[in-house]
Structure formats: C-alpha cells, structure tokens
Engineer: 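Once you've had a glance at the structure underneath, I'll fire off some questions.
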Amino acid sequence: MIISRRTIRRFHQKPIKLGILKKCVDAGRLAPSAANLQILEYCIVTDKKLCDQVFDALHWAAYIQPKWAPKETERPTAYIVVLVKDTKNPYYERDVGFATENIVLAAEGEGLGSCILCNIEHAKIQEICKIPLMLAVDSVIALGYKAETSVVEDLKDSVKYWRDEQDILHVPKRTLDDIIHINTFS
Ligand SMILES: Cc1cc2nc3c(=O)[nH]c(=O)nc-3n(C[C@H](O)[C@H](O)[C@H](O)COP(=O)(O)O)c2cc1C
C-alpha cells in the first residue's frame with residue numbers, strides 16, 4: 001500500500017461510512033507524536049452542504065493547466081480537517097506529517113483514494129466547521145472512492161505531474177539511485 005498509494009483527486013459519489021472515516025482518524029491518533037504531546041485534533045466533514053462549502057475553500061493540482069478542479073460529479077465525498085492545538089510546538093509539522101500519512105494509508109486500506117491539501121483557505125474552513133480559534137486549521141485530507149488512475153514514472157526533467165490523453169495522471173519521482181548514497185558520496 002505504501003508503494004502503490006497515489007494522490008487521487010477524482011471520486012465516485014458513493015458515500016463513505018462514518019465508521020470508516022473514524023477508523024482513518026484512529027490511525028492518525030496512533031501515529032508517533034513528539035514528546036507524546038498529541039497536539040492534533042480532527043474534524044470529519046460528510047454533510048453534503050458543508051462538503052460543498054469546504055470544496056470551495058480548496059485549491060487543486062496547481063501543476064495542471066489550465067486551472068483544474070474536480071467536476072461536480074467527481075468531488076470528494078468526505079474531508080478530514082487536521083487541526084493543531086499548539087503551533088508553537090517546534091515539532092508540530094512532523095506530528096501532522098506522521099498522522100496524515102497514517103490516515104491516507106488507512107484510507108487506502110479501506111479502498112479509498114485521498115488527497116492531502118495545504119493550499120487551502122484556512123479562515124473559510126475554520127468558519128464553515130465552526131472550529132474554535134484555539135485550534136489552528138493545518139490542512140485538509142479529501143477522501144472518496146477512486147475514480148481516476150495515477151502512475152509513478154522516473155523523474156526526467158520536471159517534477160510537474162501531468163495527465164495523458166486517457167486522463168491517467170503521471171507523477172514523476174526521483175529514482176532510487178538518485179537519492180541513495182552508500183557510505184560516502186564519492
Ligand atoms: C504537504 C502536502 C501538501 C499538498 N497540498 C496539495 C494541495 O493543496 N492541492 C493538491 O491538489 N495536492 C496537494 N498535495 C498532493 C501532492 O501534489 C502529491 O502528493 C504529489 O504530487 C505526489 O503525488 P503522490 O501523492 O501520488 O505521490 C499535497 C501533498 C502534500 C504532502
């Protein structure tokens with residue numbers, strides 16, 4: 001799952017059971033946490049009206065031009081908003097990273113696709129979900145049953161992901177040889 005998981009941005013409109021979404025958050029809850037301070041909370045959004053409002057506060061796939069977003073019939077059917085109790089904690093972004101990876105892998109295990117979004121309108125989301133100001137909106141994980149295919153390819157000259165004529169997303173990744181150094185760099 002770790003190897004095959006890819007970001008998915010187009011979804012079938014079949015709803016996700018709340019129990020499955022809670023299971024994903026539980027995977028986040030159990031992630032490593034610096035000094036075990038557990039500074040993260042989560043808001044699960046499934047209500048159609050709220051989902052539509054959250055959708056309007058998200059920015060998708062910046063590399064795809066012209067400007068692109070999922071169509072009305074391909075939108076995520078749920079969101080997990082990741083909240084931070086203490087952004088002064090010097091390790092909070094690491095906690096978010098570990099928890100988020102656990103969540104997207106748990107989602108993958110449930111047959112769901114996911115997209116982590118940091119390019120979001122924080123204040124709008126805070127207001128839509130009535131999140132108290134003592135909690136900072138960090139990011140949003142968009143979720144749904146997968147309605148697109150994404151494949152990895154070896155990075156050549158650009159990190160920009162792209163779509164081919166069959167609408168398959170291609171994600172360039174640096175090769176293993178490019179990033180591994182054994183013993184020394186010589
Ligand atoms: C911290 C972070 C922020 C991201 N923010 C966005 C975003 O705002 N919008 C979006 O469409 N994708 C976003 N992504 C998804 C990345 O574009 C995606 O992970 C990357 O292209 C690699 O593809 P992969 O996840 O399939 O390996 C984000 C991913 C991460 C880790």
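Basis for what follows: all heavy atoms, side chains included, without hydrogens, waters or symmetry-related copies. Numbering of ligands and ligand atoms starts at 1, following listing order.
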Engineer: Ligand 1 and Cys118, any nitrogen or oxygen pair closer than 3.5 angstrom?
Structural biologist: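 Right, the criterion is met.
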Engineer: What residue and atom, counting heavy atoms only, is the protein's closest point to atom 9 (N) of ligand 1, and at what distance?
Structural biologist: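 The protein heavy atom lying closest is His59 O, 3.1 Å.
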Engineer: Going by the order shown, which atoms of ligand 1 are within less than 4.0 Å of some heavy atom of Trp60?
Structural biologist: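 Result: 11 (O).
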Engineer: Below the 3.5 angstrom mark, is there an N/O of Cys115, backbone or side chain, next to an N/O of ligand 1?
Structural biologist: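 No, there is no polar N/O contact under 3.5 Å.
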Engineer: Parallel under 30°, tilted from 30 to 60°, perpendicular over 60°: which one fits the rings of Trp68 and Trp60?
Structural biologist: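 Aromatic pair Trp68/Trp60 classed perpendicular.
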Engineer: I'd like to check whether Arg9 has a polar contact with ligand 1, where a contact means an N/O of the residue lying under 3.5 Å from an N/O of the ligand.
Structural biologist: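 Arg9 vs ligand 1: N/O contact under 3.5 Å present.
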Engineer: Crowded around Phe98 CZ? As in, over 12 foreign heavy atoms under 6.0 Å?
Structural biologist: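 No, the 6.0 Å shell around CZ holds no more than 12 heavy atoms from other groups.
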Engineer: Is a donor from one side chain sitting under 3.5 angstrom from an acceptor on the other, for Glu74 and His12?
Structural biologist: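 Glu74 vs His12: no donor-acceptor pair found between side chains.
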Engineer: Could you walk me through whether Leu169 and Arg9 pass the side-chain contact (heavy atoms from CB on, under 4.5 Å) test, one step at a time?
Structural biologist: CA-CA 10 Å; Leu169 192 67; Arg9 298 185 181 85; 3.5 Å; yes
Engineer: Taking heavy atoms and a distance under 4.0 Å, where does Arg5 meet ligand 1: side chain, backbone, both or neither?
Structural biologist: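 The side chain, only.
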Engineer: List every atom of ligand 1 that sits less than 4.0 Å from any heavy atom of Tyr161, numbering the atoms from 1 in the order shown and giving each element.
Structural biologist: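 The atoms of ligand 1 under 4.0 Å from a heavy atom of Tyr161 are 17 (O), 21 (O).
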Engineer: Among all protein non-hydrogen atoms, which one is nearest to atom 8 (O) of ligand 1, and what is the separation to 0.1 Å?
Structural biologist: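 Of the protein heavy atoms, Asn119 N, 2.9 Å lies nearest.
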Engineer: Would you confirm whether any non-hydrogen atom of the protein falls under 4.0 Å from atom 4 (C) of ligand 1?
Structural biologist: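 Given the 4.0 Å limit, the answer for atom 4 (C) of ligand 1 is yes, a protein heavy atom qualifies.
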Engineer: Students should be able to answer this: which protein heavy-atom is nearest to atom 24 (P) of ligand 1, and at what distance?
Structural biologist: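 Among all protein heavy atoms, the one nearest atom 24 (P) of ligand 1 is Thr7 OG1, 3.5 Å.
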Engineer: With a cut-off of 4.0 Å, which atoms of ligand 1 are near a heavy atom of Lys173?
Structural biologist: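 Near Lys173, meaning under 4.0 Å from one of its heavy atoms, ligand 1 has 22 (C), 24 (P), 27 (O).
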Engineer: Got more than 12 heavy atoms from elsewhere within 6.0 Å of NZ, Lys146?
Structural biologist: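 Correct, the count exceeds 12.
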Engineer: May I ask you to decide if Lys48's main-chain N or O and Gln53's side chain share a donor-acceptor pair within less than 3.5 Å?
Structural biologist: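 Checking the backbone N and O of Lys48 against the side chain of Gln53, no donor-acceptor pair under 3.5 Å is found.
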Engineer: Are Asp154 and Thr175 linked by a side-chain donor-acceptor pair shorter than 3.5 Å?
Structural biologist: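 On atom types as modelled, these side chains do not qualify, holding no pair under 3.5 Å.
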Engineer: Mark up the atoms of ligand 1 that fall under 4.0 Å of a heavy atom belonging to Arg6, in ascending order.
Structural biologist: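 Near Arg6, the atoms of ligand 1 are 24 (P), 26 (O), 27 (O).
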Engineer: Where's the contact between Val171 and ligand 1, heavy-atom distance under 4.0 Å: side chain, backbone, both or neither?
Structural biologist: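 Contact part for Val171 vs ligand 1: side chain (C-beta onward).
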Engineer: May I ask you to check whether over 12 heavy atoms, not counting those of Ile179, lie within 6.0 Å of atom CD1?
Structural biologist: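 It does: Ile179 CD1 has more than 12 such atoms within range.
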Engineer: Check whether any side-chain N or O of Gln13 sits under 3.5 Å from a backbone N or O of Thr77 as a donor-acceptor pair, and report yes or no.
Structural biologist: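 Here the side-chain-to-backbone pair does not exist.
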Engineer: From atom 29 (C) of ligand 1, work out which of Val159, Leu58, Ile116, Thr100 has a heavy atom at the shortest distance.
Structural biologist: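 When every heavy atom of Val159, Leu58, Ile116, Thr100 is considered, Ile116 comes closest to atom 29 (C) of ligand 1.
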